[in-house]
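These notes concern the structure reproduced below.
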Amino acid sequence: MSWASFHVLEVMSSPKFMQKRVGYLAAVQSFTVDTDVLMLTTNLLKKDLSSHYLPETSLAINGVSHIVSPSLARDLSPDLLSKLSHTSPHIRKKAVLVLYKCFLQSPELLRTSWPRLRECLNDEDGSVVSATVNVVCELARRNPRNYLPLARQLFKLLTNGGNNWMTIKLIKLFATLTPLEPRLIKKLIPPIANLIRTTPAKSLLYECISGLISGGLLSNIIDTPSGDELASVCVSKLRDFLVVGDSNLKYVGLLALTKLVGAHAHLVAEHADVVLDCVDDTDISIRYRALELVVGMVDEDTLQGVVGRLLRQLKRSGEGEGEEYVELEVVEASEEEDMEEEVMHGGKRRGQLVVLELPEAYKRAVIKRIIEMCARDMYVNVSDFEWYLDVLVQLVRYAPPVGSFASEVDDNNDGDTDSDNREGEDNDVGEVIGRELRNVAVRVRSVRAEAVRYAEMLVARHDGMFPAAGGGGKRVLGAASWIAGEFSSLLTDPYATLNALLHSTSPLLPPDILAVYIQSIPKIYASLTGSESVPWTPARKSTVTLLTSRVIAFLAPLAISPNLEVQERSVEFLELFRLAAEAITAQPASLLDAEEEYDPPLLLTQAIPAMFLGMELNPVAPRAQRKVPLPDGLDLDEAINSNLQQLLREADYADSALGTDDEDGDDAFREWYYTKPLPKTSAFASLSVDHAAAKAFGGGGSGGSYQGAVREEEYLDKDILERRRRDRREREKDDPYYIGAVAGEEGEEVDIDSIPVMKLDLGEVSLSTPAQPAKTKRNRGKVAIAADEGIAGDDGGDEEQEQEQPGKRKGKKKGLLGVDSSGLMGYSLEGDEGEEKREMEEEKTAMVEVERFMAEMERAKVNTSVDEKAKGERVKKDKDKERVKKGKKKKDKEGGEGKKKKKKKRAEGVEGEKKKKKTEVGEEQPVVL
């Protein structure tokens with residue numbers, strides 16, 4: 001409708017309200033973010049938003065919510081913010097809600113608009129407050145840390161009460177805030193618990209319980225008496241959801257119980273009767289949810305009853321006995337709907353009882369859930385592994401046909417319960433059953449022989465159990481053949497098992513199963529021919545020769561198989577068996593009358609058995625491989641052959657020279673070589689599976705009532721029940737504490753009168769009967785289960801947290817409004833100012849710390865300066881004393897020297913005077929000669 005965009009804009013600008021309303025309606029339905037004329041609507045929307053006519057303003061706000069773009073959001077945000085203070089609460093409410101659409105288109109508006117939006121929480125009108133809470137709740141789903149300052153204000157709204165819708169939003173909002181602020185939990189538990197006990201509204205009750213779980217409130221008080229009491233109240237309230245006839249309440253009740261069962265499984269188990277009734281509900285979506293809940297609720301005491309109830313759903317009755325019926329919904333309908341009903345349901349009318357047909361996806365989900373609840377925590381709930389093996393074989397017979405999962409879309413399943421229903425036709429449930437059968441055979445030694453016997457039965461009777469046209473459970477043959485080969489010494493009839501592996505229909509199996517068949521054949525062959533104690537007679541030689549020839553004939557066509565794994569194994573073992581045939585032919589047989597005896601060929605007795613003997617295979621921890629050290633000198637990046645590219649070029653050149661570069665032929669070869677053929681499906685595939693299983697195993701029987709305890713006769717086939725009775729009679733035959741039916745050999749009755757009777761004389765005995773001890777429940781002996789092997793103390797933990805599920809892709813998150821809200825993820829309300837404020841606060845904190853350290857240093861300096869001052873004064877005094885002493889000594893020394901000088905001068909003066917007098921006397925009185 002892009003051609004009419006400008007005309008729509010003209011009608012929107014009409015002064016008449018009736019025409020304007022039509023224009024806005026057309027714009028809402030045709031305009032998108034990429035519409036060219038959208039930029040011309042800015043002034044028109046501003047004019048209509050500032051209109052004094054309330055319907056016109058309301059019409060403009062409604063139009064903005066549908067056609068807003070990033071540029072429109074930035075241009076119209078001042079006008080919309082001004083409407084938050086409008087006199088009409090209707091306009092204020094609409095303005096609050098349309099601001100959320102603007103935030104989605106332009107997240108930076110949230111920072112500038114937040115103060116005004118926060119004020120709306122104190123609005124005098126309840127509808128405005130409710131709309132604001134709704135917007136805050138949606139914003140908090142993206143970045144809840146921004147809204148922690150609102151906790152006090154929101155808590156006040158929660159405790160003051162209001163409409164149920166706003167209370168639900170507040171509880172959801174607090175559920176996102178409590179992981180960031182655990183101190184809120186103590187404040188929130190009392191009001192929410194009060195709402196759970198008092199509210200009559202089912203929607204509010206469910207949201208309160210869901211908020212307790214998702215917000216971590218219950219998990220925080222899980223070990224306290226108040227926590228157990230609150231969890232018990234929640235479970236009892238959710239029980240009321242399950243006993244009502246409303247399917248919607250049942251669904252949400254089961255959904256909430258599924259969230260509770262992880263931490264409070266014992267409380268949920270108290271209401272197992274109601275939950276198991278939901279397993280038999282006519283609504284498939286409720287069955288899915290109940291099935292998920294039962295897995296977490298089951299324990300050792302209830303496991304066999306729950307599994308029997310689920311198996312009874314899968315069991316088909318040949319003559320319609322035990323089938324479930326559902327009544328078609330009675331609804332007032334028009335003649336056209338009646339005609340459509342006639343065409344769709346083929347004459348079935350509303351109110352008529354019809355047989356409830358379980359979807360193939362649901363059957364597959366039931367089988368996987370049964371295995372999950374039995375194998376949980378290393379079989380902690382399984383006390384009887386023989387019963388578990390019987391259940392696994394029974395599940396093989398009930399496996400849905402292959403190919404029904406790719407075409408069937410389960411509308412009732414939301415993806416959490418059984419998300420892999422649509423993975424494709426190659427995802428046969430037999431793969432899961434076979435993996436579990438192999439796991440039990442490897443881990444539980446006490447029932448290994450029983451597991452080998454069942455694997456032998458599956459391999460020997462696969463023609464009757466798994467039809468070629470869409471037979472379900474066929475992939476269990478891979479695990480069954482592996483068990484038969486790995487534990488071939490426990491086979492009851494190895495010749496029959498080997499003949500079944502060498503059957504002419506075996507090459508028609510999937511390549512991965514056929515590869516396991518090829519690997520198991522030499523193992524069973526070695527157990528049959530590798531005995532050194534059996535004489536090498538002509539009869540044995542001919543038998544081994546015939547057996548070797550059959551193996552060679554089976555492997556020869558597979559040596560050119562298009563599957564590389566099958567081809568490689570076939571070529572290797574084919575050469576080995578050809579050598580064995582030559583060795584058998586060359587080794588003469590030992591005759592009875594001959595003096596010389598010949599031993600069997602060493603290739604049969606030593607070489608081939610040595611390939612499969614050695615250390616026993618044990619389960620390995622998932623993380624053990626990564627702990628294996630790499631060999632020294634191993635470089636995985638180094639090319640194996642440096643001339644590989646040259647060899648490939650030469651090969652291509654040789655092909656082109658021979659004229660074999662036909663593209664059509666090459667494409668045909670690639671399609672034949674790499675494309676996996678699609679299995680043929682049949683509309684009656686599941687029916688043929690059941691008939692084939694019944695024919696092969698004698699299964700059948702009618703389903704029992706759904707009331708009361710579930711007996712094994714109601715979900716196990718006759719051959720399995722007969723074997724269990726035979727084994728039980730064999731165990732109880734020599735048991736002196738068991739008094740059973742007296743019978744002779746081959747079912748002949750024994751003459752009771754012929755039994756000798758001996759009279760016992762006990763003498764005088766006291767007739768007082770002693771008090772009988774209380775009966776105690778006999779505990780079943782513990783079964784040894786092999787644990788995973790690891791390297792350097794590896795605990796063998798799973799890697800679910802480290803590995804992402806391959807089938808799930810993460811896309812952009814979209815809210816209920818269908819708009820991408822990923823722009824709000826991690827968006828902070830503080831912005832640059834907030835960052836500056838945070839930096840200033842950090843700087844202030846750092847300054848406070850620096851000042852504190854400086855004050856401590858000053859105090860330490862003062863303390864040390866006092867000591868140093870006192871010490872310095874003492875040192876100064878000592879120095880002054882020394883200086884005084886030195887001065888005195890120097891002065892004394894200088895004074896002595898001065899005295900000496902003075903004495904010397906005085907002496908020199910006396911001598912001078914004497915000389916002077918002498919000279920004067922000599923001049924006056926000359927000497928007479």
To the nearest 0.5 angstrom, please state how far the CZ atom of Arg443 sits from the CZ atom of Arg438.
11.5 Å
Tell me, do Pro400 and Val429 make a side-chain contact under 4.5 Å, heavy atoms counted?
yes
CD of Glu436 to NZ of Lys368: how many Å apart, nearest 0.5 Å?
12.5 Å
Taking every heavy atom of Pro494 against every heavy atom of Ile524, the minimum-distance pair comes out as O-CG2, 3.8 Å
Rounded to the nearest 0.5 Å, how far does CD of Glu372 lie from CD1 of Ile367?
14.0 Å
Backbone of Val566 reached by a side-chain donor or acceptor of Asn563 within 3.5 Å:
yes
With the side chain counted from C-beta on, respond yes when Thr585 and Thr545 share a heavy-atom pair under 4.5 Å apart, and no when they do not.
no
Name the orientation class of the two ring planes belonging to Phe385 and Tyr388 (parallel below 30°, tilted from 30 to 60°, perpendicular beyond 60°).
perpendicular
Can you tell if the side chain of Leu437 reaches within under 4.5 Å of the side chain of Leu458, non-hydrogen atoms only?
yes
Would you find a donor on one side and an acceptor on the other, under 3.5 Å apart, between the side chain of Ser590 and the backbone of Tyr598?
yes
Distance only, no hydrogens: is a donor on one side chain within 3.5 Å (strictly under) of an acceptor on the other, for Glu456 and Thr492?
yes
List the steps, then state whether side-chain contact (heavy atoms from CB on, under 4.5 Å) holds for Thr543 with Tyr495.
CA-CA 11 Å; Thr543 302; Tyr495 280 102; 4.2 Å; yes
Got a donor-acceptor contact below 3.5 angstrom from the Ser506 side chain to the Leu501 backbone?
yes
In sequence, state the C-alpha distance, the side-chain angles, and the governing distance for Met457 and Val393, and then conclude on side-chain contact (heavy atoms from CB on, under 4.5 Å).
CA-CA 10 Å; Met457 179 190 66; Val393 175; 3.7 Å; yes
Distance in Å, Arg453 CZ paired with Leu490 CG, rounded so as to fall on 0.5 Å steps:
12.5 Å
Note: Lys541 and Pro588 closest approach over all heavy atoms is NZ-CA, 4.0 Å
Criterion side-chain contact (heavy atoms from CB on, under 4.5 Å) on Val432 and Leu395, from CA distance to verdict:
CA-CA 10 Å; Val432 183; Leu395 290 177; over 6 Å; no
Shortest non-hydrogen contact between Ser69 and Val33, atoms and distance
CB-CG1, 3.9 Å
Validation row: Glu565, Pro511 side chains within 4.5 angstrom (heavy atoms)
no
One should read off an interatomic distance between Ile584 CD1 and Leu604 CG, to the nearest 0.5 angstrom, of 4.5 Å
Give a yes-or-no answer on whether the side chains of Ser488 and Tyr525 include a donor-acceptor pair shorter than 3.5 Å.
no
Considering non-hydrogen atoms only, spot the tightest contact between Ile608 and Ala580 and give its length.
CD1-CB, 4.3 Å
Drop me the distance from Leu555's CG to Leu576's CG, to the nearest 0.5 angstrom.
10.0 Å
Is there side-chain contact between Pro601 and Trp536, with at least one heavy-atom pair below 4.5 Å?
yes
Side chains of Tyr398 and Gln394: donor-acceptor distance under 3.5 Å anywhere?
yes
Are Arg369 and Glu292 close enough, and set up right, to give a salt bridge (charged side-chain N to carboxylate O under 4.0 Å, His left out), and what steps lead you there?
CA-CA 8 Å; Arg369 293 302 182 186; Glu292 184 179 2; 5.2 Å; no
Audit row: Ser520, Ser481, side-chain contact (heavy atoms from CB on, under 4.5 Å) steps and yes/no:
CA-CA 6 Å; Ser520 300; Ser481 61; 4.2 Å; yes
Shortest non-hydrogen separation from Ala441 to Arg448 and the atoms involved
O-NE, 2.8 Å
Does Glu360 reach the side chain of Lys363, with side-chain heavy atoms less than 4.5 Å apart?
yes
Ignoring hydrogens and angles, state whether a donor on the side chain of Arg550 or Asn499 is under 3.5 Å from an acceptor on the partner side chain.
yes
Would a 4.5 Å heavy-atom cut-off, applied to side chains only, mark Val442 and Trp482 as touching?
yes
Is Phe554 close to Ser570 at the side-chain level, that is, under 4.5 Å between some pair of heavy atoms?
no
Considering all heavy atoms, the nearest Ile785-Met378 contact
CD1-O, 3.6 Å
Short question: side chain of Thr497, backbone of Asp493 - any donor-acceptor pair under 3.5 Å?
yes
Flag yes if more than 12 heavy atoms outside Glu638 fall under 6.0 Å of its CD atom; otherwise flag no.
no
Regarding Arg578 and Glu575, does a basic nitrogen lie under 4.0 Å from an acidic carboxylate oxygen?
yes
